S.K.: 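So that we are looking at the same thing, I have put the structure below in structure tokens.
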Amino acid sequence: MRNLTISVLAVLAVAGGCVAAAGVGESKRAFPVALDKQRPEAAEVGALHFRGAIELPDGGGVGGLSGLWVSGDGNRFVAISDNGRTLTGRLAYDAAGQLVGAGDFAARDLPLDERKGRTGRMNDSEELARLVDGSWLVSFERNHRILRYRSGPERPEGEPAPLPTPPGLEDAPPNGGPEAMAALANGRLLVIEEGNDDGVVEHRAWIGKAGLKARGDWQALTYRTAPRFRPTGAAPLPDGSALVLERYVSLLGGWAARIVHVPADALRPGAVIDGVELARLEPPLLVDNFEGIAVRPGPDEETMVYIVSDDNRSALQRTYMMMFALPAKALKPALARR
């Protein structure tokens, strides 16, 4: 997401200085950072167990990351930048399985539906999802739409085809469109509108039927955030439920993020969803403009959860990737509290 005011960014600059620009390539590496500089031993955030964080190198197409996918073995990632580009790379772990680095970065332009009115900032790509057949979905703001890429084992490639858009999405704010999207385990598609930064907690959402072919295949529901938070990403869980990433920013409080669990039975037409908060990141913990979330299987029935931040290509922000372990037992108390 863009268009954050200079005054907000100035406040957030207090936490650190600038990172020198660098090109993308095999020689450029990410490096580990602490969850809490004052408490290096910090290892838990709510129901999640911290398993490492890295800062990605600045410049050369790495910035502006808004959507994320991680391979099942955790070795590769694909991220979407909000200027119509993709970034791929390799992730590195230590002997204990902690995320400690990344490299082999490659940034490329995303093939787009080049038509009048769909150039420049109209190609504000925000979210990424991969379907079971290996194809990719990418959602866009400003000119709100979802494109499907039928080829590309490493990233979205080839000529895209538009999906039918959810009814009413065309009325979304220019900078508050389909920011969160997940391909659910049962083949359906979840899309959540980011909306305006106006304090309204109810956000429009849609469930698309498996194999949707027309706008009528979308069904409306409502997603509720915490006050002043906005949905910025979503990821599917194997049981048909989903995780939603929410983001908050203010002049006084800086950045914050929430990771919320939405049970499968809540994802039904007409529902008003109040997800269960699993974790909240706020100062003094490592925070920035977190917009992308991805999951993969982990050991001992854990789910590994990754989030990535959009630095808005500002020297006052950073591109962080964090990894957490979500124990299977953590979802049971969350369901019981509903």
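Since the structure is predicted, the reported quantities are computational estimates derived from the model, not experimental observations.
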S.K.: Specify the closest pair of heavy atoms between Glu291 and Leu245, including all atoms of both residues, with the distance to one decimal.
M.R.: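 Scanning both residues completely, I find the closest heavy atoms to be C-CD2, 3.6 Å.
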S.K.: Would a distance-only check, ignoring hydrogens and angles, find a side-chain to backbone donor-acceptor pair under 3.5 Å from Asn312 to Ser314?
M.R.: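 A pair under 3.5 Å: no.
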S.K.: In the hydrophobic clustering that connects Ile, Leu, Val, Met, Phe, Trp and Tyr at side-chain heavy-atom distances below 4.5 Å, which members other than Trp218 occupy its cluster, ordered by chain and number?
M.R.: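 Taking Ile, Leu, Val, Met, Phe, Trp and Tyr as members, Trp218 shares its hydrophobic cluster with Leu131, Leu137, Ile146, Leu163, Leu169, Met181, Leu189, Val191, Trp206, Leu212.
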S.K.: Would a 4.5 Å heavy-atom cut-off, applied to side chains only, mark Gln317 and Ser309 as touching?
M.R.: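 No, their side chains stay 4.5 Å or more apart.
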S.K.: Has Arg224 got a side-chain atom pairing as donor or acceptor with Val272's backbone, closer than 3.5 angstrom?
M.R.: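 Flag not set: sc Arg224 to bb Val272 has no pair under 3.5 Å.
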S.K.: Between the side chains of Arg108 and Glu157, is the shortest nitrogen-to-carboxylate-oxygen separation below 4.0 Å, so that they form an ion pair?
M.R.: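 Yes, Glu157 and Arg108 are salt-bridged.
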S.K.: Please name the pair of heavy atoms, one in Ser66 and one in Glu127, separated by the smallest distance, quoted to 0.1 Å.
M.R.: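 Shortest heavy-atom separation between Ser66 and Glu127 comes out as O-OE1, 4.4 Å.
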S.K.: Do Met322 and Val305 make a side-chain contact, defined as non-hydrogen atoms from C-beta onward lying under 4.5 Å apart?
M.R.: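 Answer no - side chains too far apart.
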S.K.: Is the shortest heavy-atom distance from the side chain of Ser81 to the side chain of Arg313 under 4.5 Å?
M.R.: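 Counting from C-beta outward, Ser81 and Arg313 do come under 4.5 Å.
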S.K.: What is the distance from atom CD1 of Ile259 to atom CG of Leu278, rounded to the nearest 0.5 Å?
M.R.: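 CG of Leu278 is found 7.5 Å from CD1 of Ile259.
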S.K.: Counting heavy atoms not belonging to Arg150, are there more than 12 under 6.0 Å from its CZ?
M.R.: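 Counting neighbours around CZ of Arg150, 12 or fewer heavy atoms of other residues, nucleotides or ligands fall under 6.0 Å, so no.
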S.K.: Between Gly64 and Asp311, what is the shortest heavy-atom contact and its length?
M.R.: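 Reported closest heavy-atom pair: N-OD1, 2.9 Å.
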S.K.: Look up atom CD1 in Ile273 and atom OG1 in Thr222, then write down how far apart they are to the nearest 0.5 Å.
M.R.: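 If we round to the nearest 0.5 Å, Ile273:CD1 and Thr222:OG1 are 8.0 Å apart.
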S.K.: Please determine whether residues Val100 and Met323 belong to a single hydrophobic cluster, defined as Ile, Leu, Val, Met, Phe, Trp and Tyr linked transitively by side-chain heavy-atom distances below 4.5 Å.
M.R.: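 As far as the 4.5 Å side-chain criterion goes, Met323 and Val100 are not connected within one cluster.
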S.K.: Under 4.5 Å between side-chain heavy atoms, hopping through other hydrophobics if needed: is there a path connecting Val33 to Phe324?
M.R.: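 Yes; tracing contacts between hydrophobic side chains, which count when under 4.5 Å, links both residues.
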S.K.: Would you check if the side chain of Arg280 reaches a backbone N or O of Glu277 as a donor-acceptor pair within less than 3.5 Å?
M.R.: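 No.
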S.K.: Can you measure from OG1 (Thr232) to CG (Asn289) and round to the nearest 0.5 angstrom?
M.R.: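 Between atom OG1 of Thr232 and atom CG of Asn289 there are 7.5 Å.
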S.K.: Kindly indicate, with the supporting measurements, whether the criterion side-chain contact (heavy atoms from CB on, under 4.5 Å) is fulfilled by Arg296 and Tyr306.
M.R.: CA-CA 9 Å; Arg296 69 170 177 89; Tyr306 299 75; 2.7 Å; yes
S.K.: With heavy-atom distances below 4.5 Å as the criterion, would you say the side chains of Pro164 and Lys213 are in contact?
M.R.: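 Not touching, per the 4.5 Å side-chain cut-off.
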S.K.: Output yes when Asp310 and Arg247 qualify as a salt bridge under the 4.0 Å nitrogen-oxygen rule, no when they do not.
M.R.: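 Salt bridge: no.
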S.K.: For Ala271 versus Ala266, what's the shortest heavy-atom pair and its separation?
M.R.: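 Looks like CB-O, 3.4 Å.
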S.K.: Write down the atom of Pro231, the atom of Ile192, and the distance for their closest heavy-atom approach.
M.R.: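 Closest approach of Pro231 to Ile192, heavy atoms only: CG-CG2, 3.7 Å.
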S.K.: What's the verdict on side-chain contact (heavy atoms from CB on, under 4.5 Å) for His144 and Asp171, showing C-alpha distance, side-chain angles and the deciding distance?
M.R.: CA-CA 9 Å; His144 307 310; Asp171 300 325; over 6 Å; no
S.K.: Is there a donor-acceptor contact under 3.5 Å from the side chain of His203 to the main chain of Glu194?
M.R.: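 Side chain of His203 to backbone of Glu194: a pair is present.
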S.K.: To the nearest 0.5 Å, what is the distance between OG1 (Thr86) and CH2 (Trp69)?
M.R.: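 So the gap between those two atoms works out to 12.5 Å.
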S.K.: Side chains of Asn175 and Asp124: closer than 4.5 Å at any heavy-atom pair?
M.R.: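 The answer is yes; the side chains approach within 4.5 Å.
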S.K.: Tell me whether Trp136 contacts the main-chain N or O of Gly152 through its side chain, where contact means a donor paired with an acceptor under 3.5 Å.
M.R.: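 Yes; judged by distance alone, with no hydrogens or angles, the pair exists.
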S.K.: Would you mind checking if Arg228 and Glu246 are paired as a salt bridge, meaning a charged N to carboxylate O distance below 4.0 Å?
M.R.: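 Looking at Arg228 together with Glu246, the answer is no, because their closest N to O distance does not fall below 4.0 Å.
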S.K.: Could you list the cluster mates of Phe229? Members are the ILVMFWY residues connected by side-chain heavy atoms closer than 4.5 Å, either directly or through other members.
M.R.: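 Members other than Phe229 - counting any ILVMFWY side chain reachable under 4.5 Å - are Tyr248.
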S.K.: Between Leu110 and Leu147, does the side-chain contact (heavy atoms from CB on, under 4.5 Å) criterion hold? Intermediate values first, please.
M.R.: CA-CA 11 Å; Leu110 186 68; Leu147 299 183; over 6 Å; no
S.K.: Is there a side-chain contact between Arg148 and Val138 (heavy atoms, below 4.5 Å)?
M.R.: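 In short, these two side chains do not touch, never coming nearer than 4.5 Å.
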S.K.: Return the CD to CG distance between Glu179 and Asp82, rounded to the nearest 0.5 Å.
M.R.: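 So the CD of Glu179 and the CG of Asp82 are separated by 9.0 Å.
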S.K.: Find out if a path of hydrophobic residues (ILVMFWY) with successive side-chain heavy-atom gaps under 4.5 Å connects Val260 to Leu221.
M.R.: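 In one cluster with Val260: Leu221, yes.
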S.K.: With a 4.0 Å cut-off, would you call Glu154 and Arg76 a salt bridge?
M.R.: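 So Glu154 pairs with Arg76 through a salt bridge.
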S.K.: Has Glu41 got more than 12 heavy atoms of other residues, nucleotides or ligands less than 6.0 Å from its CD?
M.R.: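 Counting other residues, nucleotides and ligands, CD of Glu41 exceeds 12 neighbours.
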S.K.: Given side chains that start at C-beta, do those of Thr225 and Val200 come closer than 4.5 Å, heavy atoms only?
M.R.: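 Not in contact.
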S.K.: I need the single residue from Leu68, Val70, Ile307 that forms a side chain to side chain contact (heavy atoms under 4.5 Å, CB included) with Met321. Which is it?
M.R.: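 With Met321 as partner, Leu68, Val70, Ile307 yield a single side chain to side chain contact (heavy atoms under 4.5 Å, CB included), made by Leu68.
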S.K.: Minimum heavy-atom separation for Gly253 to Pro283, with atom names?
M.R.: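 Looking at all heavy atoms of both residues, the shortest contact is O-CG, 3.9 Å.
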S.K.: Begin from the C-alpha positions of Val262 and Ser241 and carry the test side-chain contact (heavy atoms from CB on, under 4.5 Å) through to its verdict.
M.R.: CA-CA 6 Å; Val262 178; Ser241 65; 5.9 Å; no
S.K.: Kindly indicate, with the supporting measurements, whether the criterion side chain to side chain donor-acceptor pair (under 3.5 Å) is fulfilled by Asn196 and Arg230.
M.R.: CA-CA 8 Å; Asn196 283 312; Arg230 302 164 76 184; 5.4 Å; no
S.K.: Could you measure the distance from the CG atom of Leu128 to the OG atom of Ser139? Nearest 0.5 Å is fine.
M.R.: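 It comes to 8.5 Å.
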S.K.: With a 4.5 Å limit on heavy-atom distance, are the side chains of Tyr320 and Ile54 in contact?
M.R.: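 Tyr320 does not reach Ile54 side chain to side chain.
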S.K.: For the pair Asp36 (side chain) and Pro40 (backbone), establish whether a donor and an acceptor sit closer than 3.5 Å, ignoring hydrogens and angles.
M.R.: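 Flag not set: sc Asp36 to bb Pro40 has no pair under 3.5 Å.
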